[in-house]
Every structure is written in structure tokens, then in C-alpha cells.
Amino acid sequence: MKKLISKTALLRIALLLGSVAVMLFVMPRTDHQSFTYELNQPWKYPLLTAPADMPILRDSASSRLMRDSIDKSFVPVVRMDDNVVRANLQRFATATSGTVSPAEQAFLSARLREVYGTGIVDKELADNLRGRQEKTLRVAGRSNGDNTIHTIDASGMMSPGQAFNYIDSAYMASSGVRNARLGENIQKALGISLSPNIVVDTAADSKLRDQEYITVNGALGVIKKGQRIVDRGEIITPQIFTNLNTYQEIVSQSAGDREKRTFFIIGQGLYILIVLGLLYLYLMSYRSTFFSDIRKMTFLMSFLSLFQIFAVVMFEYFQSGLYLVPFAAVPVIIMVFFDSRTAIFSLLASVMVTAVVATFQFEFIFYELIAGICATLSIRQLSKRSQLLRTGLITFAAYTVCYFSVLLISDGDLHNFSWRFIGSVGINSLILSFAYILIVVIEKTFGFTSTVTLVELSDINNPLLRRLAEEAPGTFQHSMQVSTLGAEAARAIGANTQLVRTGALYHDIGKLESPIFFTENQHGINPHAGLDPATSAKKIISHVTYGLHLAQKEKLPQVIRDFISEHHGRGITRYFYNTAVNQNPEGGVDRSEFTYPGPNPRSRETTILMMADSVEAASRSLKDYSPKSIDTLVDKIIESQEADGLYKDSPISFHDVEVVKNTFKKRLATIYHGRVAYPELKRQPSGAGEDHSDQRTV
């Protein structure tokens, strides 16, 4: 026994840790909220504060303007490349050798040295000089170790095209011939010999430029830790937009810290463990029967884990995705199979775990708890699918009222009213109204039975019940009476009324095998007259085993089969047992031949049925239906069952037994109340015709 208990405890612990691991695995791996925001649009989230001291940087527009201004006035740093001059002079001499006169070659070479002496720059640098009022450039120190920067006059510097035009003009002026132009060979030689000898010194230029950019990139100030960045409803200006981008960079860098990330995951795991641990503690303390049932615990933890996965996926991939998740379905579904307290506690656990990822945590908890509790209270007992539609409407109304409440508290007006939110909770409530599909899946998967299924089974047009009414009408009427009697007793002690009502209708279906062997179906012929007591007892007892066979064939739920197997428990067929003992005074009667297979009732509902079945059957044999005789009959039967130990496996209390007995007494007294006979008409009134009045008794 200890070993079995230990194994069960280990399975429960494994379920808890497995659920924590699954929920932790799907949790987002960031310790900050994700925000979507646009420039010049209102901030739609609650107050956002700095997680640490963060710099106030210039907004992008201001930064761009300052950079443009710096670039426009910046004096480039250049270097002079003497190698270019030497190479190009040599290239020109080679290209013109033998094609021009020595005098022309000397003249053109001199002009080439002249423009190189002044300086040739590329087109971009030439445009820069033309755009600035001061025609200067800066040159880094030429000697090793000289880091000084010198400013030089660049007013005479030319681009390669300008240098070509200058040489062309000089050639025309010196030739003495009006409009004389350079020959084609000379043009080609100059074309390959003119290239910039003054170029930007990339390293020095970038260094000086970055120094001037410091005023742009530098912080304007500091937002202290805990200080406001932006509040709900505030328009996102360019500066606030930049501050938000800085915030995102800081939290992203923080998320990359491996040590901090590890502690964050540990914190998430502890949080989930605490929440689910409290759910376990509640079940262990107040729902011990539920807690000890591994099948039920497996369903509960699996359901909560899968629901959590669904919620996180919706959060990650859909805007306002959390509000599309029907959290109100959690208590509704759990209440269908168990009870309202467990349902609400499960709702609390589910909402608290999911709140970790919610952007508006307080609002999320408020919305979901109120909507979930309203949904739970709207269904005391789910017996019709249409109830879920009503629950969906009530849930939608609860969400809407809560939303208006939060808007008025946070903003003081309805300016930030969002139809998107209303649409999200509308879809949420619509999904809730289709929860019946999930209920059916759970029934098939875990072998549970919902109240809706019980109501459907209790329809007397069900083929099996119709067959019982046709082939064993006495048994059918007996079952109907037991159903009414048992349901009333169940209501009186707070047991599952619908379960008792349905179970009572099917408890005697095994009598369909041989209806005539049971008193309520006999009409003057008793087949037991020619049988010995043991054979008769066997025939009576067989209605339990055949009933289970028939229930399995018809695929009746296990909870209904329990009524068939337990409604006699391990009791005996007392009439035939007593007859056998009387016929064999010397002994030798085997009691086991007269004992039902059982087991004894293991729930309050099957215990009520055992009582109602015996009391209703015995009440038919009463000759006197006075309150006293009814009271005596009920007390005798139930006390006899107690004495035989038939209730020892049942959780029913002594107080419940007393309430059930009193309920039976009142109900039977109502059924078998005394009737008043109509008086006979002794003489015909004068002037009256023949009277055909109904003379039935009241």
C-alpha cells in the first residue's frame, strides 16, 4: 500500500514539474515588454519608465540637419601625392615624343607642371570648394611624427577638366593663331596625364569629422532610472521616438547578458511553480478525491499546459492576441467535469501564469478574472448547448464593462476607446460559445462524462430506454420512480442530481435479458415457482452482469456503468437466501451463491441510488401507506443496508443519510397520499337527464 501511495505521489509530482517545464519552455525569453509605436501617434501603453540611467540623444531629424550643416562647412583634410605628378609627366613625355615639335612639348610640359604645382583635385573635392566661401583645404603634417594640421589656399586648384581647359587656352594664346586648338594626339596625351595629385586623407579626414560629429551624437542629458519616458496618450514626438529607440537598445543589450538571462529564466520557473503549487495545495486540502485520481490530475495539468501554449502563441503572432484567447473557457470546461470552486481556482492559476507575458498586466488580470467568473456563474450546470451561447454574451458584456471602467480610471474620458479591443473580445466570446466541441473531445480522450451527455442519455426516446419501456414496462416504470426519488435526494444533499437521474434510468437495463423473472413485469405467472432458490438467485443476480455487458455494447459512459454494478453492491438476494436457509435448517447454504458481484457503492450518487432502488421496490408491497408505515419502511431498509456494511466504501456522511431518509419519507408520503372517494348519487334529481359524471376518486 505504501509503495502504491508513493508511486501515485511521484506521478503527481511528475505532472507538476512537467507542466512547469512545458509552460517555461514556451515563455518568451525577454524580461521586458514588446511595444509597437509610430511617430506622431499617441502612446497606447501605460506609463513607461527608464529601466536604468539612459542618455537623451538627438532625434533623427535634428541629427540629420546638424550633420548636413557640419558637412557643408567642414574643411576636408588632403594629402599631396608627388608620385602622381612624376608618373604623369613621364607619361605625357612618352605619349608626345615624335608627334610634336620640341618647342611645343616643352611648352605643354611646363603648363602641366604649372597646374600640378597649383594642385589638381577630383570633381567631388572641386564641387566642395566651389560650394564654400573660403577656398581652403587642410593638410596633415608631412614629416614622420608631425601630427599638425596646416591650412592651405585652394583657390587656384582645378579639377582634371578645368586643368585641360586651362592648358588648351594657354596653348591657343601662345600659338599666335586665332582659335588654334590642341591636336588630337596632344589631347589624348593630356587626357591620360591629368589626374588628381591632391586627394582626401581618409584617416585624418574621418578623425576630424567624427570629432565635430560629437556634438551631434553626444547626449543632451540623462533620463534617470525610474524617470518617465512616455505616458499613455502622449503624442510620440521625434525626440520621444528617439528615446524609445534608446530604451529598446538598452533592454536588448540587457537581454544578451547570459548571467542575467539565466536568472530571469529561473525567476519565470519559480513563478510558475508557485502558482501551480498553490493549485496543488488547494486540491490536496479541499478536493482530496480529485487529487488522488491520476487520470483527473493528468487532464487538469495537460489542459492548463496546452491552454498556456495557445495563449503564448497568440501573444507572439497576433496583435492583441491575448484578448483573442477565451480564458473564460477554462472554468467553464473544468466546471462541466468537476466543480465550480476548482474551476475558478484553475482560472486564477491560468491567468496568473499568462500575466507574465501580458503588456498590461493589471488590466489583463482584471479583464480575464471578471469575465471568467461571470462565465462560471452563468452556468450552474451545463445541460444544453444553447447555454454556451448565453455564456458567450455574458462574457462579452463583462469584458466591455471592464474595458470602460479601466478607460475611465486611467484616462478620465473615452478618447482612447478602441474598437480593436471590442472586436478582439467579441471574437473571444464567440470562440467560447463553441466550447462544446472541446468538451466532446475531452470526454472521448479522458473518459469523462459531461452533464450535457447525461441529459442526452436521460431522454426516454433513447433507443435503449425505449426498448426497456417496450420489453420490460414494469422495470421501466420502476426506473422512472427511482430516478425521481433519487434525484430529489441528491438535490437535498448537494450531490450530482443529473448523474443520479440518468444512472437510475439505466441501472436495471440488465433485466432486458429475462424481464419475466422480475416481479414488476409479471402478470400472474411466476417462473420462479418451479426453480430452487439458488437458481432463482442466480437469475436475479445476472441482471447486473448482463446490464454491464449491454452498457458496454451500447458504449454507455463508465459513470453510468458504475450505477449498474453498484446499485446492489455486495448485498444478497435476501428473499431467495432466506428461503434456502429455511429449506435447509441443518445448514449447508453457500451465501456467496446469493451475493451480488458488487462492488459496494463508491460515490454518494450510487449510494443514493442503492437506497432509492430498495425503498421504491419495497414501498410497492406496503398495505398501509400511512406516514408511520412509510417512515418505518425507509428506516428499516436503509439501516439494514448500513448494518450489512454496504456503505463502507462510500464518502456519504451520516448527516447525508439522515437527509436522504427524510427526503424519501416526504416524497413517498406525497406519492401514496390518501384519496377521497366521490359520493354515490342515491337518486336522480327531478327534471335532470341521465348523469354521466366522472366518479373517479381524487
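Within a 6.0 Å sphere centred on OH of Tyr271, other residues, nucleotides and ligands contribute more than 12 heavy atoms. Under a cut-off of 6.0 angstrom, the local environment of CZ in Arg620 is crowded, with over 12 non-hydrogen atoms contributed by other residues, nucleotides or ligands. Heavy-atom neighbours of Lys665 NZ from other residues, nucleotides or ligands within 6.0 Å: above the threshold of 12.
Atoms OH and CG, on Tyr506 and Leu457 in that order, are 4.5 Å from each other to the nearest 0.5 Å. Of the inter-residue distances, the one linking Gln308 atom CD with Leu24 atom CG reads 10.5 Å to the nearest 0.5 angstrom. The distance from the CG atom of Leu347 to the CD1 atom of Ile333 is 12.0 Å, given to the nearest 0.5 Å. In this structure, the separation between CD on Glu658 and CG on Asp635 is 7.5 Å, given to the nearest 0.5 Å. Atoms CG and OG1, on Asp532 and Thr579 in that order, are 11.0 Å from each other to the nearest 0.5 Å. For the atom pair OG1 of Thr395 and CD1 of Ile431, the computed distance is 12.0 Å after rounding to the nearest 0.5 Å.
Using a 4.5 Å heavy-atom cutoff, the side chains of Val482 and His567 are not in contact. Put simply, the side chain of Leu550 reaches to within 4.5 Å of the side chain of Leu464, judged on heavy atoms. Here the side chains of Gln522 and Pro527 are in contact, with some heavy-atom distance below 4.5 Å. Two residues are said to be in side-chain contact when any heavy atoms from C-beta on lie closer than 4.5 Å; Tyr625 and Ile671 fail this criterion. Looking at Leu388 and Val332, their side chains come closer than 4.5 Å, going by heavy atoms from C-beta outward. Contact annotation: the side chain of Phe291 never approaches that of Lys296 to less than 4.5 Å [non-hydrogen atoms, C-beta and beyond]. Looking only at side-chain heavy atoms (C-beta outward), Phe664 and Glu616 stay at 4.5 Å or farther from each other. Inter-residue side-chain proximity for Pro326 and Phe310 is flagged as met; some heavy-atom pair is nearer than 4.5 Å.
Remark: side-chain polar atoms of Ser614 are paired, donor with acceptor, to backbone N or O of Met610 under 3.5 angstrom. Between the His507 side chain and the Ala504 main chain, a donor and an acceptor come within less than 3.5 Å of each other. Within the 3.5 Å criterion, the main-chain N or O of Ala580 finds a donor-acceptor partner in the side chain of Asn584. For Arg390 (side chain) and Ser378 (main-chain N/O), a donor-acceptor pair under 3.5 Å exists by modelled atom type. Using modelled atom types, no side-chain atom of Ser536 and backbone atom of Pro533 make a donor-acceptor pair closer than 3.5 Å. Of the possible donor and acceptor atoms, one in the side chain of Arg466 sits under 3.5 Å from a partner among the backbone N and O of Asn461. Asp590 places a side-chain N or O within 3.5 Å of a backbone atom of Ser592 that can act as its donor or acceptor partner. Judged purely by atom type and a 3.5 angstrom limit, Thr342 has no side-chain atom pairing as donor or acceptor with the backbone of Asp339. Proximity of a side-chain donor or acceptor of Ser288 to a complementary backbone N or O of Met284 within less than 3.5 Å is not detected. Not one N or O on the side chain of Ser350 forms a donor-acceptor pair closer than 3.5 Å with the backbone of Ser346.
With hydrogens and angles left out, the side-chain atoms of Ser450 and Glu443 include a donor and acceptor closer than 3.5 Å. Inspection of the Gln558 and Asp562 side chains reveals an N or O donor paired with an N or O acceptor under 3.5 Å. Defined by atom type and a distance below 3.5 Å, a donor-acceptor pair is present between the side-chain atoms of Thr502 and Gln498. Side chains of Asn521 and Thr475: a donor on one and an acceptor on the other come within 3.5 Å.
Between Lys511 and Glu520 a salt bridge is recorded (basic side-chain N to carboxylate O distance below 4.0 Å). Note on Glu470 versus Arg467: no salt bridge recorded, every NZ/NE/NH1/NH2 to OD/OE distance being 4.0 Å or above. Under the 4.0 Å criterion applied to side-chain N and carboxylate O atoms, Asp649 and Arg570 are not assigned as salt-bridge partners.
The aromatic rings of Phe303 and Phe299 sit parallel, their planes meeting at an angle under 30°, below the 60° perpendicular limit. In this pair, Tyr596 and His568 present their aromatic rings parallel. The plane angle is below 30°, not in the 30 to 60° band.
The heavy-atom pair separating Phe517 from Leu531 by the smallest distance is CE2-CD1, 3.7 Å. Pairing each heavy atom of Thr545 with each of Pro597, the nearest pair is CG2-CG, 4.4 Å. Ala487 approaches Arg501 most closely through the heavy-atom pair CB-NH2, 3.7 Å. Looking at every heavy atom in both residues, Val659 comes nearest to Ile493 through CG1-CG2, 3.6 Å. Of all the heavy atoms in Thr663 and Ala492, the pair that sits closest is OG1-CB, 3.6 Å. Nearest heavy atom pair, residue Pro651 against residue Arg602, reads CD-O, 3.6 Å.
Taking the ring centroids of Phe364 and Phe327, they lie under the 6.0 Å cut-off.
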Should His528 and Phe576 be marked as a ring pair (Phe, Tyr, Trp, His ring centres under 6.0 Å) after you check the CA-CA gap, both sets of side-chain angles, and the distance that decides it?
CA-CA 10 Å; His528 292 288; Phe576 296 109; 5.0 Å; yes
Run the numbers on Val312 and Phe25 for side-chain contact (heavy atoms from CB on, under 4.5 Å), then give the verdict.
CA-CA 11 Å; Val312 172; Phe25 178 76; over 6 Å; no
In sequence, state the C-alpha distance, the side-chain angles, and the governing distance for Leu505 and Met480, and then conclude on side-chain contact (heavy atoms from CB on, under 4.5 Å).
CA-CA 6 Å; Leu505 292 175; Met480 293 285 288; 3.6 Å; yes
Go through Leu16 and Leu273 one step at a time and tell me if the side-chain contact (heavy atoms from CB on, under 4.5 Å) criterion holds.
CA-CA 8 Å; Leu16 174 62; Leu273 183 61; 4.1 Å; yes
Ile637/Leu633 under side-chain contact (heavy atoms from CB on, under 4.5 Å): CA gap, chis, key distance, verdict
CA-CA 6 Å; Ile637 289 175; Leu633 174 70; 3.7 Å; yes
Run the ring pair (Phe, Tyr, Trp, His ring centres under 6.0 Å) test on Phe338 and Phe448 for me, step by step, so that the C-alpha distance in whole Å, both residues' side-chain angles and the decisive distance to 0.1 Å come before the verdict.
CA-CA 10 Å; Phe338 305 111; Phe448 297 147; 5.5 Å; yes
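Seen from the ring of Tyr577, Arg591 counts as a face-on cation partner, given the 6.0 Å and 45° thresholds.
Here the options are Tyr286, Tyr282, Tyr280, the test is ring-ring contact (aromatic ring centres under 6.0 Å, His included), and the partner is Phe345; only Tyr282 passes.
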